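The shown structure was predicted, so the numbers you read here are calculated from the model rather than taken from an experiment.
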Amino acid sequence: MSTTLSQSHSSGGNPLGGDDTKRSPLARLQHLLHSQATIGPAAVLLVAIVVFAVLSPRFLTPGNISLILQQVAVIGTLAVGQTIVILTAGIDLSCGAIMVLTSIVMAKVAADTGLPGLPALLLGFLVGTLCGLLNGLLVTRLKLPPFIVTLGTLNVFFALNLWYSESATIRGTDMPSLLLWTGQTINLGGTRVTYGSIMMVVLVAAMAFALKNTAWGRHVYATGDDLEASRLSGIRTARVLLSVYATAGAVYALAAWVLIGRIASASPQAGQMDNLDSITAVVIGGTSLFGGRGAIVGSLIGALIVGVFRNGLALAGVDVLWQTLAVGVLIIVAVSLDQWIRKVKP
Amino acid sequence: MSTTLSQSHSSGGNPLGGDDTKRSPLARLQHLLHSQATIGPAAVLLVAIVVFAVLSPRFLTPGNISLILQQVAVIGTLAVGQTIVILTAGIDLSCGAIMVLTSIVMAKVAADTGLPGLPALLLGFLVGTLCGLLNGLLVTRLKLPPFIVTLGTLNVFFALNLWYSESATIRGTDMPSLLLWTGQTINLGGTRVTYGSIMMVVLVAAMAFALKNTAWGRHVYATGDDLEASRLSGIRTARVLLSVYATAGAVYALAAWVLIGRIASASPQAGQMDNLDSITAVVIGGTSLFGGRGAIVGSLIGALIVGVFRNGLALAGVDVLWQTLAVGVLIIVAVSLDQWIRKVKP
Amino acid sequence: MTTPVLQARGLVKRYGRVTALAGADLELLPGEILAVIGDNGAGKSSLIKALSGAVVPDEGEILVDGRPVSFSSPIDARDAGIETVHQSLAVSPSLDIAANLFLGRERRRRGVLGSVFRMLDRNGMRDEARRQLDALGIMTIQNPGQAVETLSGGQRQAVAVARAAAFGSRVVIMDEPTAALGVRESRAVLDLVLQVRERGLPVILISHNMPHVFEVADRIHIQRLGRRKAVVDPKTVSMSDAVAIMTGAMEPPGQFA
Amino acid sequence: MTTPVLQARGLVKRYGRVTALAGADLELLPGEILAVIGDNGAGKSSLIKALSGAVVPDEGEILVDGRPVSFSSPIDARDAGIETVHQSLAVSPSLDIAANLFLGRERRRRGVLGSVFRMLDRNGMRDEARRQLDALGIMTIQNPGQAVETLSGGQRQAVAVARAAAFGSRVVIMDEPTAALGVRESRAVLDLVLQVRERGLPVILISHNMPHVFEVADRIHIQRLGRRKAVVDPKTVSMSDAVAIMTGAMEPPGQFA
Amino acid sequence: LVTGCGSGDDAGGGGTLVGLVTKTDTNPFFVKMKEGAQAAAGSTGATVQSFAGKQDGDNQSQVDAIENLIGAGAKGILITPNDSKAIVPSVDKARQAGLLVIALDTQLEPADAADATFATDNYQAGRLIGQWAKAKFEAEGKQAKIALLDLNPNQVSVDVQRDQGFLEGFGVDVKDKAKIGDESDPRIVGHDVTDGAPEGGRTAMENLLQKDPGINLVYTINEPAAAGAYEALKAAGKEKDVTIVSVDGGCPGVENVKSGIIGATAQQYPLKMAQLGVEAIAKFAEDGTKPQNTAGKDFVDTGVTLVTDQPATGVESKDSAWGLQNCWG
Ligand SMILES: Nc1ncnc2c1ncn2[C@@H]1O[C@H](COP(=O)(O)OP(=O)(O)OP(=O)(O)O)[C@@H](O)[C@H]1O
Ligand SMILES: Nc1ncnc2c1ncn2[C@@H]1O[C@H](COP(=O)(O)OP(=O)(O)OP(=O)(O)O)[C@@H](O)[C@H]1O
Ligand SMILES: OC[C@H]1O[C@](O)(CO)[C@@H](O)[C@@H]1O
Ligand SMILES: [Mg+2]
Ligand SMILES: [Mg+2]
């Protein structure tokens with residue numbers, strides 16, 4: 001019962017180094033994909049684009065691409081706010097309600113009182129930020145789960161919206177043109193792209209920068225990763241959470257602006273399904289619902305995946321019914337794939 | 001710098017016993033409420049009932065109470081399934097979609113093929129159970145978060161519902177009467193109560209019994225409390241989760257039966273908001289979204305609280321708008337109160 | 001030579017790129033206390049997880065009383081009489097002490113209440129829990145109906161240890177049971193380990209505390225880099241030599257029993 | 001008599017019905033290693049949580065260099081130069097080592113990139129982390145850009161200890177820093193504690209490991225039932241007497257320094 | 001069941017691509033409309049691709065649908081708007097892109113935002129059931145206590161027109177004709193919303209009954225809501241004493257008229273709307289001609305017939321037997 005152990009492992013301390021030789025091609029692919037966080041969703045998007053391009057010659061036209069960008073602009077913008085909330089291990093069910101409320105505020109104040117575009121817009125941002133702040137206060141002060149807080153405020157904001165709007169749609173013709181600006185187009189290399197789409201892309205870039213390159217961004221990740229550990233490490237976690245919810249509120253106000261431009265009116269009935277839609281985008285984009293892991297760019301890709309599917313299936317003449325089915329399957333497949341990719345330890 | 005410590009504490013080991021003398025009346029109340037888990041929500045319900053009884057003499061009539069029971073029967077039944085899922089630290093966004101799908105299956109199979117009531121009903125239960133099982137399989141096999149799984153299957157089941165129903169409502173007159181039985185009333189002490197309401201109450205009692213008094217119930221709590229610890233303790237956690245999702249599916253089928261009785265038809269239009277409504281009931285009823293803590297009876301009370309508010313405010317002539325607002329505030333207040341009560345260490 | 005009660009041969013377990021077990025062996029003889037020592041990350045917990053069915057090894061075999069077995073879940077190991085106190089404790093905070101002791105092996109009432117309504121025998125289990133805790137006499141737990149989350153870390157540890165000691169019929173395994181415990185509490189656990197051996201049950205004890213190990217162990221298994229580096233006798237090998245072997249500073253004697 | 005660097009007087013902290021601190025005192029003198037020992041639940045962690053701003057005591061006062069302070073958050077204590085390694089570690093698993101070292105005190109780039117765009121000085125922090133880890137020389141961490149979740153328990157412990165040692169300017173507090181560590185890893189942490197004292201910084205060290213305590217401590221604070229029961233000198237009091245005082249089996253000498 | 005077959009002119013065989021955008025996928029009325037469009041497509045050689053909102057009131061999905069149809073190269077769009085005002089800019093966009101846009105069932109606001117509207121005269125539909133109810137109550141010498149079960153809080157054109165038409169037909173001063181609920185007539189017990197669905201109808205009815213159990217006349221926005229309201233009345237044991245009036249004339253609704261559940265309903269003709277719509281677009285694709293409105297109206301009236309088995313003097317009506325021959329769905 002004696003054994004002589006030949007110490008074959010390079011003694012790099014623990015953990016022990018595993019040998020790479022036995023890996024299958026699939027595992028190799030998995031490793032490759034793992035090296036970039038958003039590469040999973042990006043791969044799904046690419047495959048979807050290729051498939052639809054084959055199915056319909058109209059799909060890859062500049063006009064159609066610009067159209068998809070327009071169609072995802074509202075959800076994509078909302079998803080930016082939703083992502084930072086989810087990164088802190090929260091969730092925001094009230095995002096659609098905040099967006100609708102602020103869109104009504106911007107439009108109705110201007111229509112009723114003749115307030116010019118800029119102050120009306122700023123007022124909307126103020127309202128959005130305050131709504132977000134209220135969520136943040138309830139989360140940090142009452143220490144309630146974000147799901148519950150935003151389930152509650154969803155109802156509150158929606159009621160306020162019905163009350164203030166008197167349930168009436170405000171027409172674009174009654175508003176200052178600044179509010180409609182996001183729906184205007186600009187010629188980019190021969191294709192007409194709306195300012196709303198461009199704004200979404202710029203917002204995604206700015207937020208991605210802030211999350212990656214500022215202390216605030218790090219604190220957002222750390223807070224979502226482990227709240228108590230972050231607090232003990234000297235992060236003002238309550239302040240981080242407040243800033244996140246308030247910023248999200250401001251982002252939803254931006255979405256409201258995009259929405260007004262998109263439908264060239266402000267409707268109190270809009271946005272009722274947008275909470276689940278924006279969460280869907282975030283989740284398909286690879287951000288973890290448990291907080292601390294994910295990226296803004298992923299959420300944009302997530303929104304684009306859903307947009308491409310809906311548009312592509314529609315172009316291919318597939319009934320809405322099957323579009324709905326496809327989106328359901330897509331959510332599960334995309335997240336499974338992402339999970340599989342993440343399983344690899346570096 | 002010398003100190004002689006008089007050892008005043010009874011040496012009951014650790015933790016040290018605190019002295020009770022300094023407690024304020026509020027803290028006393030808090031302790032009192034803490035002793036019973038569902039007493040928090042029950043107190044809210046009681047207060048609401050008293051307030052509305054004062055506001056409107058019609059409120060406390062037997063007829064109105066029976067009415068509230070009817071109005072909450074669908075959500076209350078759904079909430080039973082939702083509760084067991086949430087107890088395992090899951091969440092079920094697909095409950096409404098499963099209910100509608102099964103209601104259509106029950107009704108349409110009978111209407112189209114002339115299948116008698118009982119087999120049609122059983123078929124519905126089978127479909128509901130299979131839908132739940134699919135959720136369970138995706139959660140346990142793919143190890144995806146329940147939020148994502150059910151967000152996906154919500155779309156899938158809804159699409160199947162549209163496809164199978166061909167978007168058409170099936171009228172009560174085309175169905176076997178057994179399917180409509182839940183809408184029939186029985187005279188209980190002078191008040192007409194629907195079998196659907198009674199079924200809900202019986203279901204709540206049965207599930208409460210199972211959770212409290214069977215090994216399965218314990219395993220449900222343990223699995224929600226700490227999945228890995230439960231697995232290591234020798235609980236077949238995957239089997240527990242599967243049984244929970246499948247049971248929930250069967251419960252949603254029961255809700256479908258109640259729904260058919262309530263609207264005397266099977267409509268693909270129904271149930272689209274019921275996922276959030278059932279979660280609201282569970283959460284107001286004091287069950288933790290993190291799993292492992294809560295009770296079925298609480299969820300019934302939660303559903304009743306919302307029902308009483310809507311009915312009471314409507315009786316008092318308050319606009320729907322303010323009802324929505326009230327429900328929002330209610331969610332936050334009820335959960336804060338519950339949290340406050342739970343803060344006490346026993 | 002006596003047949004080992006529990007034996008592992010050439011166990012391999014990989015986590016992604018990390019190899020936690022690189023061909024690990026282990027033998028547990030009847031009635032002995034086998035200590036397992038090793039650096040952080042040497043694969044001690046991985047080894048006992050394989051032995052207790054908590055993970056399925058990629059390669060290698062496990063034998064109980066000389067017969068190969070294959071554990072696909074903790075239940076299989078438990079059914080073979082192997083009880084484990086995991087490093088992470090594995091108790092359910094919101095359930096009470098009695099419920100935790102009987103978790104996964106609940107008793108049902110007699111008669112139809114039990115067979116048809118599947119009702120738990122709460123009182124029976126509570127009384128039995130009381131008896132077990134008293135018999136082990138390790139900690140001042142007053143009420144078996146108390147939720148585990150209201151207990152101190154030491155008391156929780158005691159519940160987990162009591163469960164293993166009470167139900168183990170062939171082997172008891174403990175992974176760092178005293179890591180978070182105070183001096184007095186650690187003493188109680190060590191006494192319990194000795195008590196279990198007295199009952200004739202062999203024990204595998206993982207610990208970083210050398211004085212403890214040298215006090216109670218009959219043999220010491222030294223784990224290094226995912227393998228068994230040596231097995232030494234605490235009566236013949238000094239503490240510092242054991243540590244030297246463990247850290248790779250010294251080669252083990254060519255032959256070990 | 002020298003002014004204590006850090007002092008607590010009559011701290012009381014209640015959690016619901018549990019009194020974790022029942023009028024606890026503490027004095028930390030300049031340049032010393034003060035060990036804090038006590039049973040599980042004696043209130044050791046609660047005491048240092050109060051000293052590090054992690055909890056706000058219900059009663060009592062805290063003095064730094066003889067001046068009363070009131071810490072309402074860990075940041076206040078940190079700003080006063082008090083760095084703590086908590087029992088629960090308090091690292092952020094998904095962030096890398098450098099990010100964890102600088103968590104809450106990130107450095108920004110020079111120029112507009114830093115002042116306007118608030119850009120982090122990633123490379124600067126990574127280099128500095130590298131330097132700190134090397135200087136402490138406690139563990140073979142190869143790459144400060146590695147995520148903490150990929151580290152072993154011992155390596156994580158090392159990161160937390162390194163952070164405290166690197167940034168503490170007045171006091172370093174460590175709550176059971178070696179509880180989960182192997183022999184070699186524990187050794188490294190103890191060496192680090194001594195090294196910190198060498199730099200002139202006083203250290204509070206909580207541990208259940210008596211040999212460790214008696215090896216490094218200048219004075220031993222014995223905590224019992226939420227209070228300071230005694231302060232003893234490890235050179236004059238034996239290990240078994242210290243344990244006896246700790247468990248209440250013996251009364252402390254009437255006078256202690 | 002894939003209703004959009006092929007993909008516009010890409011599909012080769014298919015001729016003109018016609019888009020159909022309905023309020024929802026779940027109201028039988030719109031399902032019929034889809035069928036009608038499909039049938040008409042068969043005879044004109046057009047291809048229909050259909051879309052729907054996720055629920056009543058969902059404007060955004062309809063905006064997306066219009067854009068996708070423009071992108072897919074549709075020649076024209078038939079739409080039942082969920083938000084009759086908010087959809088207008090998207091309709092403008094489609095028209096600018098050269099598509100013919102026809103509103104079905106529900107007028108846009110302003111009505112001329114569409115190239116044409118094929119719809120029931122909803123105001124007239126309301127007025128018919130109002131007049132009938134007035135005659136019936138006068139004949140029976142009963143004092144009315146009215147419950148109004150509307151669509152949703154959004155003041156959509158159909159909702160407003162039917163509600164106000166009914167009240168005016170009944171002889172109530174409606175004040176602002178474009179606004180629901182600003183009346184002060186004491187005979188009105190209250191308004192509540194139903195989403196045009198049975199469950200909503202039932203709950204709204206129950207709550208209004210609690211407010212005043214003496215309700216004896218119930219107006220409902222459509223027949224699904226009426227079905228729900230009836231269940232509430234039945235449960236309260238009041239189904240015999242209360243008169244329900246509705247709009248739709250679907251076969252289940254007319255059956256309900258026959259069995260006395262609904263007193264009178266204003267029958268509309270969705271198949272005709274869809275058929276006319278598809279034909280108009282086919283014609284437009286062929287030679288560019290746009291449909292003309294019915295003389296004196298800002299839409300093409302697809303007709304409305306009062307169906308009841310208790311005819312009232314001075315109000316023209318058909319019986320349920322006739323109704324069943326002409327019903328849809
Ligand atoms: N679930 C897991 N996923 C990935 N790696 C793991 C997992 N469990 C263990 N490892 C790795 O396997 C190696 C061995 O771990 P193990 O827990 O068996 O060590 P140990 O000897 O018990 O250490 P310690 O004394 O710190 O408890 C370590 O490098 C560890 O990081
Ligand atoms: N957050 C809390 N909530 C409730 N009770 C607490 C909390 N923190 C500590 N306690 C209680 O206070 C008492 C003292 O706990 P503390 O953690 O200070 O003990 P300790 O001496 O550090 O013990 P150990 O050696 O086990 O770490 C214990 O009874 C504990 O249960
Ligand atoms: O939901 C309102 C809609 O319902 C209908 O009456 C059909 O049932 C439509 O005419 C109307 O637009
Ligand atoms: Mg271990
Ligand atoms: Mg402690």
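- V183(D) touches chain C through backbone and side chain together, each having a heavy atom under 4.5 Å away.
- The CG atom of N209(D) lies 8.0 Å from the NE2 atom of H212(C); values are rounded to the nearest 0.5 Å.
- Looking at every heavy atom in both residues, L181(D) comes nearest to N40(C) through CA-OD1, 3.4 Å.
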